[in-house]
Each structure stands twice: as structure tokens, then as C-alpha cells.
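Below is one structure; the comments refer to it alone.
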Amino acid sequence: MKNTWLIQGLCAAGLTSLLTLPLTPLTAAPVLGPEGMDFYSPPTITAGNHGDLIWYREANIDLGKDAPFTRSWDVAYWSVDSNGRPNVVTGSVILPTARWSGTGSRPVLSYAVGTHGLGQRCAPSLQLAAGTDYEQANIAAAINRGYAVLITDNAGYTNGDTPTYLAGESQAHAAVDIVTAATQIPEAGIVDDQVAIWGYSQGGQTGAWIAEIQQDYVPDMNIVGIAAGGTPADVPYTSFNLDGDAGSAFLLGAIIGYEAEYGSAMPLYELANNYGLQQIEVGKSQCVFESLFNFMGDELAQYTLDNRPLSDLITIASVNEVLTDQNLGNVKPSVPMYMYHGQADEFIPLDQHIDLKDKYCAMGSNIRFQVFPSEHIATQFQAAPYALDWIDDRFAGKPAFSACYTGQPEPESTANPYDGALIFTLDNWKLDADIRLGTLRQNVILPEESTFYADSDVTNRSLIGTLNVPQFFTRLNIILPLDVNLTIDPTLPTSGYVELDTSGDLHIDGNAYTTVKVNSAGVGWIQIPFGCRTKEPAEFPITFDGPISDLGGGNITFSGTTTFSSMTGCGLFNGLFTVLMSGPGQQYRFNVSPPEPFTY
Amino acid sequence: MKTTIIAVITLVLAVAAYWFAATPESAPHPVDPEQASHSSSTQENAPAVPPVADWTSELVNEFQIQAMAAVTNTLGQPEFTDRIEKRPDFVSPAEWLILSSIAQQHDNPHAELTRMINFLRFSKLMEIWESGDDMGTLQRSALAEQLLLNIPNRVENGDLGLSQAQQLQATLINDLTTDSDLRRQRLSEENARIGVTFEIN
């Protein structure tokens, strides 16, 4: 099907006529695009094929601190919307400057973004340029693997347009057409010998849609694997989960996006009341974290004439058709898939994704499904190394072993119910910590079994949690190497302030409080018990300011110095233990990271 | 509790004594461990300390009690500023050995030993003050004054944090006087000595 569509007569107003003809040569070679936002008003070209590069320009992107060196381009290219009409889509093409060290040509990864928001300024290509893209950690991780990483903005970020958010087929087209387009950048040298797809949330939907349209849309493209996580596979069902809930912004965004894609089939403006019309305009202007908090908990009925609820709206035949047309599971994927989901996902229900897995498995597809422990946002970033390892194996030509039937019971959702607040629960997260005792000049490493539990209420901006550190032995040199049994006892809850700001940055400012107990000491198995401890709990400031990706990515580290109070309970040696253990300047480092996923 | 900790200390010291004897070249004694067997010049009549290998739990216990008793004799004395060559009386032989060993892990062992000895004295005085229900008012006041005097050194040496020091100053001053104006005045003065200033309104 590739290069078999001739696009003719596309005018600036978007009126098109489409002819399907055999292979047609390009009528216009790609040209350098203009600077500034004029790039987002591509010229009208009367003929071409989906995947044709319209224009491009060198870009400067910012992937954050410690990012790999890259060379990048903005691109505008032809694609096809969900209705089969040609459209123009923008995006980014990023190459590592380091030479590809693997065999064959540099692999190509089409990275399908999650929700960015409907405002044009939220387009991934613009956010990457501004250094504000909340997915930059995942993109950087992919570039660090040596891949050419292509990121479609998805349709609707050109000047004067509205994103066709969550129109699955359109997104799938855009994410594969950017691969074809990228090969046409003269100086990039991109070869699409091997292509993989990776996406999460909206991007997971894109990935799964590619799995279902690939054979018809790009049958000659060598897609070696698709990693798709947090996927809204059953859109009506997911819509009910979002309505009036923490993720209600995504439902409003989808309805706006469907109106942009399907027009009168989604009669948004006929159904909306005055308040709804206002909120639609707000929604169309905001980026994801702005709209997430702005619309959180809203019910669709607040926006409709006569306050018609979703359950009523979905009985409108065309609305029902638009929503159900997004559903996945209708075509057998012909490439291996790595599917994953957060067990505590509060936005996209776990069970409907498992249903999709079951459908694909029943069709005989090659599927691996992993369940991560956390909620939606943390999972996006925790899963990155797992998804990339899986993709690495596909590029390396290793066989993908299907894991459709693991014998595991179906996992139940552990999502926090929405009760007026969005709460990220860090349930049983690994606590990797050490404390350097100043006077003894020795490190105490907390045991591997240490965990951290916290409820981070990003609506009310409060954090409450606790450290769980089992009793453990550490070796301290006090004349001799002594085996000392310690307890780090959370005397008071860990508490503080937590904020997820509208830029997607996380801010934590609080304290953990622990008493340090020396339970016993001795040499080897000769342990003599006693109960020496700090008189007051030690206060460990926990402060963090960084991207939300660091949460799931296991990069939340609290470090600093604390003060240990004088020691008590040491009998006649209180003074000695005070000298050895107490005082300010005790250095600590606490890192928290989510538990491992499991395969279902 | 006392018994078990003393047993641990005794065990450690006994093994240490064996260790030193077995591998003398590796013995961590920046300050001659023999000094642990001698009293300081301030206590000429103290009983001789037997070799470490002969120490028993009871003996270690007795040393601790003697050292604790001796610390009140230091009231009014300045803190050590120079290298400490001999074990002061308020430092038990076990404490001397352990602190000498720990000091060796620092870049300047002698300065570190001096710091730790001063801090040990302070800690013991603090412990006596805290448990001093049966002591006379004069002695309790003398202890508090000594502690207040030494707090700036504790802060300067990093033994106490600033907030810890302020809290301690307030506790001691509240015990010294019941007059709220005097308390505020004294607190202001003591705070100033650790670099904290505030105005009294």
C-alpha cells in the first residue's frame, strides 16, 4: 500500500480529494522549511504519497541534564487521518551523534508520545525545542541505545488546527509515516531497514493501532516489534472510568479531538452548554499537566445542555460509533508485542488492557504482558528500560518468546479511588539508603529489604509515609571490626509537601524521622544484646525538585546531612556512644524506586 | 542494661588485647595503649590499671563508675586545647582505648582525640545534670553554667548542631532562673556566643 496513494488537490483550507493510483513519483522534493512558527504552515502540495517529506529544518532540542549528544530535525510530512483523508503532520527526527556500533544500519524507533495537551505550544516538537517535554527521559534513554528516534506530533499541531487527540488510526498512520519521511532528510542518512514502535498511554494506543493496520498501511515496512503500554484499548469503557474522575481532562480532550477528526459525528458544539463551550476553549489551549488539574473530577454532564451525562451521550449513534471505532482487538498483530500496564493505573483501566492481551493471544499473536506496580505516570517511566531491553532484542534478531499463558491469576487493579484528590501511592517501594557516621567515618548501608511507603496527594499537596527498615547488621570498626545490629525505627511518619506542577515537575519538601537503635554488638555470632538509642528522632530532610519521570525512573534521591541527638540507654557508656554516634553532619542518601514488574 | 553493654565492651577489649598481642605491628595505637593503664597526672593516687587482657566485666564497670565520678571534679576547668598525652581521670580506660582507636581513623588523630575527649566530658556532665534530682542546687547550677560555657565549643567543633545548641541553652537557662526577663537576657547572651542574635522587645 505504501506509495500507492496519490494525494491531489489539497488546498490550504483542508479540502481534499483523494485518488488511489499505483506508484506515483514525488512531485516535489523535500525543501528546507522556514524558521519560527511558519514551519507549522506547510505549503500546499497537490500530489504525493503518505510518508512524503514536505519540508524539514535542523532543530535544536533539549533533552535535559545528562542527555546524549544529538542532531535533530523538525519535519512536516504527509499522512492520512482516520477517515482516509490525507493530512499534514509535524514531528521530530533525532539522531545520536555517536556512531552506531551495532550490526547493520542504525535501527529506527518511532516513539509514540503520550498525551501532551491540545494547545499548539504543547506539540512534542515544540516542547522538545523548549526543553520542557515531560517524556524527554524516555526519549533520551532510547537515543542512548543508539537508535534514530522519530517522534510524531500527531495530527493537528499545524497552525490553526486542532489535534485529533486519541483518534487511533490517525495516530498510527502518523507514527509510521514519519519513518518514511525521515529517510528523505538528505543529510540524516536514516535507513528504515529495521523499525520498532514504542509508546505509552496515548502512545500505547498508537502502537497497538499500528499492530492492527501495519499489514494494510505499510506492509513493506520491516517493523520488528511494538512496545505499547497503558493502552486505552476499549475507549467507551475507559471513558466511563475517566468521567468525573482524576483523569477527566483526558476525556474532554478526546471528545475535542474526535470532533476535530470526525466533525459532525461528534456534535460537540451542539451538545455543549455555555460553560462547556468555555471549558472546551480552555482545554484546547492547555498542555497536559495544566488540564489534568484544571478539569480533575469534572463530569461531562457539567458541560452539556440539560447536563446530559456520558451514559446518555453515548446512546447517540454517531457518538457511539466514533468511540467504538477506536476500540482495539479486531486484527491479529503480525509483529511481536510487548504490552504493559500499571496495576495502580488510575486513568486507564488495567482490565481492558488485559482483555486486549487476551484477544491478541487468542488470535495467536506473539505477546508478552508485564504488570508494573504503580500508577499511570510512574509506570510510563519505570517501564522504559524494560521496553527498551525488549526492543534491543528485537533489533538484535533474538526470538521473541510469547508469554500469553503464565499461569498467573489475573491481576486486580490497585488504583486509588478518586475521592477529590489524586494520590500517588508508593507502595512498598525499594529504599536504597546509606548513612555516613561522621565521627566513625564509616558508612551504614541499610538492608536491601528496606522499603518506603508514601501517599503523595498531589491535589492537596501533602505527603505522608513511612520507612520500613528491618533490623540489620552492619560492620563498624571500633578497635575491631564489630558486627553491630541496628534498627532504624520510624519514630514519626515521613511527612511534607508534594507538588506536581503544570510543567510536569515534581517538588517534594518534607522530613523523615527515625530513631537509631543499637540492638546488639559482638564479633560474628557472639552477639550481646543491649538497647542503646538516639534520645530524639533524627530528622532527615527529604527534598526533591525534578521531572516527574524521575519518580518511576527510580531517580528520586534525597540526600543531605542530619543531626543525631545524644544517646541513651547505653548504661554507663551513654557519653561514649554520644561521642561516637551523635552530632550534626551525619550524611545520608535515600533513593526510592518502584518494585519490579511481573509477567502476566 | 549496664551489664550487657559492659560485657560487650569487655569482649571487644579482650579480643582487641589478643589482637594487639598477636599482631603488634597492626595495632591501632596512635596514643600508646599503655597510657590506658596509667592515670593522668591529675590523679596521682588512683589505683593502677591492670593490662587490658586481664580486664573483667566487673573491672570495666568499676572503671566507668570511677570515671563518671571524676568528671564533676573538672567543673571550672577549661577544656583541653592541646594534644592529650595521658588519659584524663574522667575518661575510663575502656573509653580511652576506644577513642584512641577511632581517632586514628581521622587525618589528624591527636586533634580528633582532643575533640572527642572534650565532647565526652561535656556529655558526661550533661548526663549528670539531666539525672541530678538528688544533687544540690549549687552543684546543679555549677553544672549548668559549665555546660553553657562549653556549648560554643561544641558548636564550633561540630558536636552539636545550632538548633540543638539553642535548645540546650534554653533548657539550661530555664533551670538556672525562673525570672522570665533574666531568662530572655541570658538566652540572648548565650545565643550570641554561638552566632545567633535576636532583639529583646
Side-chain angles (χ1 to χ4, degrees), chain A residues 436-443 476-485 517-539 541 560-587, chain B residues 1-13 15-17 19-20 27-28 60-61 63-65 67-68 71 90-92 94-95 97-106 112 115-127 130 154-155 157-165 167:
Chain A
R436 181 163 179 80
L437 301 174
T439 297
L440 292 177
R441 290 199 163 184
Q442 293 171 51
N443 284 356
L476 295 176
N477 281 310
I478 303 173
I479 299 184
L480 292 171
L482 280 182
D483 297 309
V484 180
N485 186 265
K517 287 182 182 171
V518 184
N519 302 307
S520 68
V523 179
W525 56 271
I526 307 172
Q527 286 289 311
I528 299 175
F530 54 99
C532 202
R533 63 178 173 80
T534 51
K535 192 181 289 182
E536 308 288 340
E539 181 180 289
T561 59
T562 188
T563 299
F564 287 165
S565 71
S566 58
M567 302 292 287
T568 189
C570 316
L572 291 166
F573 287 91
N574 281 335
L576 177 66
F577 276 87
T578 295
V579 171
L580 297 182
M581 302 281 288
S582 73
Q586 319 288 342
Q587 296 173 23
Chain B
M1 185 63 64
K2 287 179 184 175
T3 309
T4 53
I5 295 178
I6 287 163
V8 172
I9 300 286
T10 307
L11 174 71
V12 169
L13 295 174
V15 177
W19 182 261
F20 294 155
V60 170
N61 193 13
F63 289 156
Q64 286 305 119
I65 292 167
M68 197 66 174
V71 76
F90 64 84
V91 180
S92 75
E95 290 168 338
L97 268 178
I98 289 169
L99 295 179
S100 298
S101 169
I102 297 299
Q104 181 66 0
Q105 296 171 21
H106 289 250
E112 179 63 10
R115 182 193 71 80
M116 289 192 291
I117 296 289
N118 283 329
F119 189 18
L120 181 66
R121 175 191 174 205
F122 183 88
S123 298
K124 288 187 173 184
L125 289 172
M126 189 71 213
E127 190 179 352
E130 284 177 329
R154 297 285 74 71
V155 173
N157 290 338
D159 304 327
L160 290 178
L162 208 54
S163 61
Q164 268 184 311
Q167 196 175 10

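Letters A, B, ... are given to chains in the order of the sequence lines, protein chains preceding strands, and every chain is numbered from 1.
In terms of the side chain to side chain donor-acceptor pair (under 3.5 Å) criterion, A/Arg533 has no residue partners (sequence neighbours excluded). By the side-chain contact (heavy atoms from CB on, under 4.5 Å) test, A/Asn574 is found to be paired with A/Cys570, B/Glu127, residues two or more places apart in sequence or in another chain being considered.
At a 4.5 Å heavy-atom cutoff, the contact between B/Met116 and chain A is made by backbone and side-chain atoms alike. With a 4.5 angstrom heavy-atom cutoff, B/Arg121 does not touch chain A via any of its atoms.
We find the CG-OG distance between A/Leu576 and B/Ser92 to be 7.5 Å, quoted to the nearest 0.5 Å. Considering OG1 of A/Thr563 and CG of B/Leu160, their distance stands at 9.0 Å, rounded to 0.5 Å.
In this structure the side chain of B/Val60 reaches within 4.5 angstrom of the side chain of A/Phe573, judged on heavy atoms. Side-chain atoms of B/Glu112 and A/Thr439, non-hydrogen and from C-beta on, do get closer than 4.5 Å to each other. Counting heavy atoms from C-beta on, the side chains of A/Val579 and B/Ile102 never come closer than 4.5 Å. Side chains of B/Glu130 and A/Lys535 form a contact here, defined as non-hydrogen atoms less than 4.5 Å apart. No side-chain heavy atom of B/Leu120 sits under 4.5 Å from any side-chain heavy atom of A/Thr578.
Side-chain contact annotation: A/Glu536 with B/Gln164, donor-acceptor N/O pair under 3.5 Å absent.
Between chain B and the residues A/Pro584, A/Gly583, A/Gly438, the largest count of heavy-atom pairs under 4.5 Å involves A/Pro584.
Using a distance-only test at 3.5 Å, with no hydrogens or angles considered, a donor-acceptor pair links the side chain of B/Gln105 to the main chain of A/Asn477.
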